[in-house]
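To find a chain, count down the sequence lines: A is the first, B the second, and so on, and within it residues start at 1. In this text the structure is predicted, and so the values were computed from the model without any measurement. Scope of the values below: all heavy atoms of this structure, side chains included, with no hydrogens, waters or symmetry mates.
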Amino acid sequence: MIIVRLIMQTVILALAQIWTNKVRAVLAMLLIAVGAGSLVLVTGGFEGFKKNILKEFSSVGANKVWVFPRRPPEARDRFSWRQIRMNVKEADGMLAKCPSLERLTPVLEFTADAQFGDRRRPVVKVQGIRPIWHEIEQRFVTAGRPFSEIDLEAVRNVCMVNDKAIEELGLPGGGPGNYILVGGRRFLIVGVVETKSVSPMFGQNDAQSEVYIPFNTAMAMKPDWGIFVVAQTRRPELFEDAKAEITFYMRKIRNLKADDPNTFGVEAIEQYIAQIKRITTMIQVFAGGLTMVALIVGGIAIMVIMLVSVTERTREIGLRKAVGAKPGTILMQFLVEAVVLCLVGAAVGLAFGYSVVLGLKMIPNSPLPESAVPTWAAMLALVFCAGVGVIFGMLPAMKAARLDPIDALRHE
Amino acid sequence: MTIRLSSIQKIYKVGVERVHALRGVDLSISKGEFVAIMGSSGSGKSTLMNILGCLDRPSKGEYVLNGKPVAKMGAAALAEVRNQEIGFVFQSFELLPRSTALQNVMLPLIYSPKRWMGARKRARGALDRVGLGERVKHRPNQLSGGQRQRVAIARALVNEPSILLADEPTGNLDSKTSEEIIALFKQLHADGQTIVIVTHEEDIAGHAERIVRLKDGRVMSDRKTTEDPIHREYLDRMAVAAADMAKHDAVSAASNGAPLAVAPEVRGHGEAKVTVATTAAPQPVGAKTGNTGGAA
C-alpha cells in the first residue's frame with residue numbers, strides 16, 4: 001500500500017515536472033517516440049514480409065518430403081552412380097517401413113522433345129508418375145481422366161499435359177484425344193493436369209510445358225535413369241520423424257555400414273520453412289536492433305534535459321533535502337522522471353507505429369497485407385525505453401542526489 | 001535538554017588553506033526556549049546554524065539532539081533527523097512556486113512514510129495554526145510576503161519538530177509584516193515550541209528570551225535578553241534615536257507654525273535646545289503635523 005502510494009506520488013510528481021517544461025520534454029519525447037515507433041514499424045512491416053514468404057513456401061505443400069540419390073559430399077569418389085541411384089524396390093518398400101508417411105510416388109523425370117504436327121518443342125519436362133501423385137501435389141485433372149492402374153500395368157503410351165503444353169503445341173479441342181510424339185514415341189493424351197498457382201520461387205507453374213506419363217512407361221523408356229521419391233507426411237510437424245525413418249530405412253536397405261555416409265538425400269519443405277522462419281526472424285531482430293540506435297539518441301536527449309532540469313531545480317532539491325529527503329529518495333525521483341518521460345515517448349511511438357502498420361494492411365493491393373506488430377517488439381520497445389530512461393537518467397539523478405543541501409539552497 | 005553542543009569545531013578547506021569557521025562552541029538549549037543567535041558575517045553563525053539544523057556535520061565535537069548523537073551520522077540518517085526533529089524557516093521562504101500552500105506544507109510529510117496517513121489533515125492543521133486556513137489552495141505567487149513566510153512556518157511545524165530553526169526569517173519582509181511574523185513566533189513559543197532564530201537584527205533578537213553572540217567562531221556571550229549589555233545599549237540607542245526623531249519632527253512642525261509639544265518619554269532621554277528660525281516662509285502643514293503626532 002505505502003509503496004504503491006509512494007510510487008504513485010513520485011510518478012505524479014514526475015508528470016507534473018514534465019508538464020511544467022512541456023516544450024523541452026516534448027522534444028526529447030519525440031526522439032524516443034521516433035525510436036520506439038520505427039522499432040514497431042520495422043518489425044511489424046517485416047512480419048508481413050515474413051508471412052508472405054512462408055505463405056509461398058506453404059503453397060508448395062507443407063508436408064512434402066523428397067528422397068533422392070546423392071553422392072555423399074565428404075566421399076564423392078567412393079560411390080559410383082550405380083551404387084547410389086534409387087530403384088523402384090526401394091521406393092515401394094518405403095511406405096510400409098515409414099509410419100510417418102501418408103503416401104508416396106516414385107518419379108522419373110527427364111526432358112525430351114515433344115511434337116504435334118509440325119509444331120515441335122525441343123526441351124519439355126517429362127515426368128513418370130503414379131496416380132497418387134495428384135494427391136501429393138494437390139494438382140488434379142481438369143479435363144479427360146487421370147492414369148489408371150491398367151495404364152501402368154500395361155505400360156501404355158498415354159500421357160497428360162498441362163495448359164501451357166496445349167497452348168505451345170497448339171492442341172485442338174483442349175488436348176485429350178490427340179496424339180503427340182514424346183522422345184520419338186507416340187502418346188495418346190488422356191487428361192489435362194491443372195495449373196496450380198504457386199510462388200514464382202518454385203518452377204512448377206504455367207511457365208513451361210509439362211508432359212506426364214505413367215511411371216512404368218517412363219521406366220521402360222529410361223531403364224537406367226535415376227528416380228526420386230515424393231512423399232507426404234501425415235502431418236507437417238512430422239517431417240523430422242519422417243526424415244529419420246526414411247534415413248534408417250534407406251541405410252538398412254542399402255546395407256550401409258555405421259561409418260558410411262548417406263548415399264541419398266532427404267529434404268522436407270517444412271525444414272526450409274523452419275529455416276526461413278529462423279532467418280527472417282533474425283533479420284527482423286537485427287533491423288529492430290538498428291532502430292534502437294534512435295532510442296539511444298533519444299536517451300541522450302533525455303539525459304541532457306534532465307541535467308538542465310537538475311541545475312534549474314537545485315534550490316528545490318536543496319529544500320527537499322532540508323526537509324528530509326534522503327539522497328536515495330531524490331535519486332528515485334529523478335530516475336522516475338526520466339523513465340516516465342521515456343515511457344510516455346514510447347507510448348506515443350507505439351501508437352504511431354501501430355497506426356502505420358495498420359495502414360500498410362488496409363491500403364488496397366497492399367504488398368504486405370499480413371503486416372502486424374509482433375507483441376514481443378512492442379514489449380521490447382517499452383522495456384528498452386524504460387531501460388534507456390534508467391541508464392540515461394542515472395547520471396542526472398546521481399548529480400541531484402549528491403548535491404549538498406547547504407550549497408543547493410545557496411544556489412542562484 | 002533538547003540540544004547539547006560540546007566543543008564543536010568546523011574546519012573548511014579552501015584550496016590548501018584551512019579555515020576555522022567554529023573553534024570550539026559549547027551550547028545547550030532546553031525544550032521550550034526561544035533563543036536568538038547573533039553575530040556579524042564571518043562570525044560562524046551560518047556554520048553553527050547548518051550544524052544545528054543537521055545540514056552539516058562538525059569536524060570535531062559532540063552534538064546530541066533530543067537524545068540522539070548526530071555528529072557522526074551519514075547523509076541518509078541526517079535527512080531523517082532533519083525530517084523528524086527540525087523545522088526550517090528560511091529568509092527567502094523557499095516555497096515550491098507551482099505547488100499550492102497545502103502541497104508546500106505537506107512536503108516534509110512526503111518524506112516521512114509513517115505520517116502519510118492523514119497528511120492532508122495534518123497540513124491543514126498547520127496552516128490553521130499560522131492563520132492561513134483560508135488560503136490552502138493558493139500558490140505562492142498569489143500570496144503576500146508575510147503569507148508566504150507563514151506557509152513556510154506551517155511547513156516547518158507540520159512534522160512537530162523538536163526545534164524550529166529560523167534563518168533571518170524577516171530578512172525579506174517589511175517592518176509591519178516582520179512584526180506579525182515575530183508575533184507568530186512568540187505565539188508558538190508560548191505554546192511550548194523550542195525556537196532558534198539566527199539574525200543580525202537586534203530588534204528581532206530582542207523578542208527572544210536569550211541571545212547567543214558569536215565572534216570569530218566562538219561564543220562571545222550567552223545571556224538572557226534582559227541581561228545582555230549589547231542589547232540594552234541598543235535599546236538605549238534606539239530610544240535616543242527616537243527622541244532625536246521626535247525632536248526633529250517637532251522642529252520641522254514648529255517651523256511650520258505648529259504648537260511645540262514633547263512627549264513625556266522622550267523628555268527623559270536628554271535635553272535639546274530648540275532654536276526655531278521663524279524666517280522660513282509659512283508652508284502648508286497638513287502632512288507634517290500628522291507626523292509629529294505619530295512620533296510623539
Are the side chain of A:T281 and the backbone N or O of A:K277 linked by a donor-acceptor pair below 3.5 Å? yes
Does NZ in B:K215 sit with more than 12 non-hydrogen atoms of other residues, nucleotides or ligands closer than 6.0 Å? no
Interface residue of largest heavy-atom contact number with chain B, from A:P327, A:G318, A:G328, under 4.5 Å: A:P327
Pair B:K68 + B:E85, salt bridge at N-O below 4.0 Å: yes
For B:T2, does its backbone N or O pair with a side-chain atom of B:N66 as donor and acceptor, under 3.5 Å? no
Please answer whether the main-chain N or O of B:L132 pairs with a side-chain N or O of B:Q147 as donor and acceptor at a distance below 3.5 Å. no
Residue A:R410 versus chain B: region with a heavy atom under 4.5 Å: side chain
Between A:E337 and A:R313, is there a side-chain N and carboxylate O pair less than 4.0 Å apart? yes
Do A:M306 and A:F392 come within less than 4.5 Å of each other through their side chains, counting heavy atoms only? no
For chain A, which residues from residues 43-59 of chain B have at least one heavy atom closer than 4.5 Å to it? B:N50, B:L55, B:D56
Can you say whether B:S99 sits under 4.5 Å from chain A via the side chain, the backbone, both, or neither, judging by heavy atoms? neither
